[in-house]
Amino acid sequence: MNQHAIQNLTLFDLLARSWRRPSAIADLRFSADGSAVACTSVDGTVAIAAVADQEPPESRIRVSGDLGQTTIRPREKPPAPLIATAALGDGDVPLASYFSFGFLVGTAAGEAVHLAADGNVMETLVKIDGPVVAVDHNPRTTITAVSNGQDVFLARGQGDAVRLRHDATPSTGALAFSPGGRRLACGRDDGLSIWAVDGDATPIRDVSFSARPVSIRWSGDGTWLACGLETGGFALVSMTDDRYGIVAGFPSPVRTLCWSRPENALFASGAFRIAGWSMTAPPLGGDTSGALETGRAGLVPVETVAAHPEKKLIAAGYANGRITIAQIGARDELLVRPLGSAVTALAWSGDGRHLAVGAVDGTAAIVTFPAQMFK
């Protein structure tokens with residue numbers, strides 16, 4: 001490789017291990033122990049990659065003795081191939097982490113199966129009628145929740161699944177346990193139902209929205225819920241009092257939301273910049289005093305966001321393939337990739353060393369950052 005070509009390489013070229021799946025990537029999850037990452041595709045398959053890097057960036061960094069200039073050489077070997085399953089659904093299948101190094105996958109056959117990091121189906125935890133369209137698992141309570149789009153079922157361990165009985169409109173397939181596992185939020189056609197599940201499952205609160213929720217994210221302390229809506233922005237619900245509201249005005253649908261624990265802040269996709277708010281002044285009732293001006297505004301909408309688990313950083317993926325990492329509340333950005341296929345999913349590993357990326361053209365990647373990059 002000549003010197004000019006090396007100079008034109010992006011951070012993505014230098015730091016990422018990249019693969020190409022036959023269809024668009026829909027979702028990404030790291031295993032709980034951070035040893036593997038699984039990605040689902042819209043063809044119904046799941047592919048798994050080992051996180052361990054055979055050519056870590058530290059082994060490729062060189063500091064010149066005369067000028068003290070730091071450079072990193074490109075990778076010399078292709079990454080180990082992905083482990084891919086057969087199609088488990090007619091479209092993308094729901095995915096959650098399970099145990100320390102496995103995954104839980106919902107199938108078109110109505111099963112929630114334990115998928116090991118080697119791609120083998122180990123066991124079926126739950127079996128229901130109809131395809132599984134949403135799944136979540138809480139390791140603290142060992143409770144699994146699944147939905148077939150009409151009903152929600154709970155299973156403790158490998159026990160029989162019990163249907164939640166409720167008079168509200170059918171579930172839309174968005175499910176999420178609170179961090180402690182004592183509450184379960186279930187999307188409805190017109191809002192959200194929140195259940196206490198630490199004993200006999202009991203509905204404790206219903207909230208009505210203007211559109212159906214397509215994603216549900218609990219804050220790290222379980223005191224807030226944020227729901228991306230099919231149209232009209234996102235909903236924010238307080239679990240400590242009766243406050244809730246819709247945050248509107250987004251030019252594109254809010255596909256993803258994320259919480260920054262170090263900054264106590266909420267971030268959303270769907271705007272022409274990284275949209276975020278400090279939860280010391282939640283964005284309810286038109287209050288904008290907590291807005292965090294993060295990254296730079298542009299002409300292309302943010303498709304997905306992911307908060308670093310330990311540092312005050314946000315990764316953003318754009319419709320034009322751009323990937324950036326911004327310091328919360330600052331305009332400065334680290335450009336990881338300038339262009340490419342539209343980004344569909346981003347996820348940080350638990351230690352913040354790796355950023356998993358999924359894209360419309362089937363690209364799945366793990367970007368491994370040098371330890372000294374984020375001081």
Side-chain angles (χ1 to χ4, degrees), residues 24-27 40 42 91-94 131 133-134 136 147-150 152 166 168-176 184-194 205-219 224-239 242-259 265-277 279 282-288 290-292 294-295 297-307 314 316-320 342-346 358-360:
I25 304 300
D27 199 6
T40 63
V42 298
D92 60 288
V93 293
V133 301
D136 198 15
S147 170
N148 59 9
Q150 296 295 318
V152 176
H166 199 357
T169 53
S171 164
T172 61
L175 296 173
L184 174 68
C186 308
R188 306 196 321 261
D189 284 338
D190 61 349
L192 195 69
S193 291
I194 303 167
R205 188 175 179 186
D206 288 337
V207 186
S208 295
F209 302 147
S210 55
R212 75 181 185 99
V214 294
S215 62
I216 303 171
R217 298 290 182 269
W218 291 84
S219 62
W224 290 93
L225 275 167
C227 304
L229 302 179
E230 192 170 44
T231 58
F234 70 90
L236 187 60
V237 180
S238 171
M239 291 297 296
D242 293 331
R243 289 184 297 165
Y244 77 95
I246 305 296
V247 181
F250 287 80
S252 295
V254 179
R255 293 183 59 252
T256 60
L257 296 138
C258 65
W259 295 91
L266 170 65
F267 291 85
S269 66
F272 290 117
R273 71 179 313 147
I274 302 171
W277 300 265
M279 294 307 289
L284 294 175
D287 186 358
T288 60
L292 296 167
T294 301
L299 301 176
V300 179
V302 176
E303 288 291 311
T304 183
V305 288
I314 296 291
Y318 291 76
N320 64 352
V343 181
T344 55
L346 293 173
V360 165

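One-based numbering along the sequence shown. Side chains are part of it too, since the values below use all heavy atoms of this structure and drop only hydrogens, waters and symmetry mates.
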Rounded at 0.5 Å granularity, tell me how far [atom1] in [X] sits from [atom2] in [Y].
{"X": "D136", "Y": "S147", "atom1": "CG", "atom2": "OG", "result": "12.0 Å"}
{"X": "I274", "Y": "Y318", "atom1": "CD1", "atom2": "OH", "result": "4.5 Å"}
{"X": "R212", "Y": "L229", "atom1": "CZ", "atom2": "CG", "result": "10.5 Å"}
{"X": "R205", "Y": "D242", "atom1": "CZ", "atom2": "CG", "result": "5.5 Å"}

So, [X] side chain and [Y] main chain: donor-acceptor pair closer than 3.5 Å or not?
{"X": "S208", "Y": "G191", "answer": "no"}
{"X": "R255", "Y": "S215", "answer": "no"}
{"X": "S269", "Y": "T256", "answer": "yes"}
{"X": "T344", "Y": "I25", "answer": "yes"}

Considering all heavy atoms, the nearest [X]-[Y] contact:
{"X": "C258", "Y": "I314", "answer": "SG-CD1, 4.3 Å"}
{"X": "L225", "Y": "L192", "answer": "CD1-CD2, 3.8 Å"}
{"X": "P213", "Y": "A174", "answer": "O-CB, 3.9 Å"}
{"X": "A268", "Y": "V254", "answer": "CB-CG1, 4.0 Å"}
{"X": "W224", "Y": "P282", "answer": "CZ2-CG, 3.7 Å"}
{"X": "I194", "Y": "M239", "answer": "CD1-SD, 3.5 Å"}

Check your understanding: For L266 and M279, what are the C-alpha separation, side-chain angles and deciding distance, and is it a side chain to side chain contact (heavy atoms under 4.5 Å, CB included)?
Key -> CA-CA 7 Å; L266 170 65; M279 294 307 289; 4.2 Å; yes

Practice item. For residues F267 and L292, determine if any side-chain heavy atom of one lies less than 4.5 Å from a side-chain heavy atom of the other. Key: yes

Check your understanding: F250 and V302: side chain to side chain contact (heavy atoms under 4.5 Å, CB included), yes or no, with the steps?
Key -> CA-CA 10 Å; F250 287 80; V302 176; over 6 Å; no

Practice item. Kindly indicate, with the supporting measurements, whether the criterion side chain to side chain contact (heavy atoms under 4.5 Å, CB included) is fulfilled by L284 and L236. Key: CA-CA 8 Å; L284 294 175; L236 187 60; 4.0 Å; yes

**Study point:** Residue pair S238, Y244: steps toward the side chain to side chain contact (heavy atoms under 4.5 Å, CB included) verdict
**Key:** CA-CA 6 Å; S238 171; Y244 77 95; over 6 Å; no

